[in-house]
Amino acid sequence: MELWEKAARELGSMPVLLWLALLDKKQLEIKKSILVFAAVILLAAGSLGDVSLFSRFGGAAFGIVLLFFCRFSGEAMGMADGILILICGVAFGLYETVALSFFAALYAGCFSGILLITHKAGRKSRIPFLPFLLLGYITMALLIHTV
């Protein structure tokens, strides 16, 4: 992938993920209309990459598995989070989506652990996941695109 394609993809994706993260932090919910708008921008930005069709299908499959987890886990993870990971799977491919999901879960787990240790939250407390997805995307972009 050429440098301008990487830059255009990051400049298209990063503001959308930042916007969604701020909304999720404020409201703990993302409206469907906002999610559709974000999906269009993320898919357009993701189309700038040289991701194979097979990888995009793999990313979609990973997102569908997460959606099933969201649905059947009593919404331990919100449906909007699962839908956004599905969109990222189609836009960025399997490898990058798994990487950003891993880092997001790692950051969310560390943050939750700190909240539990300091007694600022309980085991059943809800935290917004999209800010951690943004951090995971930034980490993934820095690690994968600089190698």
query = Are any of the side-chain heavy atoms of Leu130 and Leu84 separated by less than 4.5 Å?
reply = yes
message = Please list all pairs meeting ring-ring contact (aromatic ring centres under 6.0 Å, His included) that have one or both residues in residues 86-105, counting only residues at least two apart or in different chains.
response = Phe92-Tyr137
Euclidean distance, Ser101 OG relative to Leu133 CG, rounded to 0.5 Å = 6.5 Å
query = Could you give the distance from SG (Cys70) to CD1 (Ile85), rounded to the nearest 0.5 Å?
reply = 7.0 Å
note = Students should find that the hydrophobic cluster of Val40, defined by side-chain heavy atoms under 4.5 Å apart, otherwise consists of none
query = Quick one: do Phe69 and Leu67 end up in the same hydrophobic cluster if we chain Ile, Leu, Val, Met, Phe, Trp and Tyr together by side-chain heavy atoms under 4.5 Å apart?
reply = yes
ask   = In the hydrophobic clustering (ILVMFWY, side-chain contacts below 4.5 Å, transitive), which residues join Phe57, or is it alone?
value = Leu53
note = The reported gap from CE in Met79 to NZ in Lys32 (rounded to nearest 0.5 angstrom) is 9.0 Å
message = What I'd like to find out is whether the side chain of Leu134 reaches to under 4.5 Å of the side chain of Lys25, using heavy atoms alone.
response = no
request  = Without swapping roles, check the side chain of Thr97 against the backbone of Gly59 for a donor-acceptor pair under 3.5 Å.
outcome  = no
key: Check: Phe129 main-chain N/O paired with Asp24 side-chain donor or acceptor under 3.5 Å   = yes
Pairwise side-chain contact, Glu29 with Leu23, heavy-atom cut-off 4.5 Å (strictly under) = no
query = Does Gly93 offer a backbone N or O that forms a donor-acceptor pair with the side chain of Arg56 under 3.5 Å?
reply = no
query = Is a donor on one side and an acceptor on the other found under 3.5 Å between the side chain of Ser55 and the backbone of Val51?
reply = no
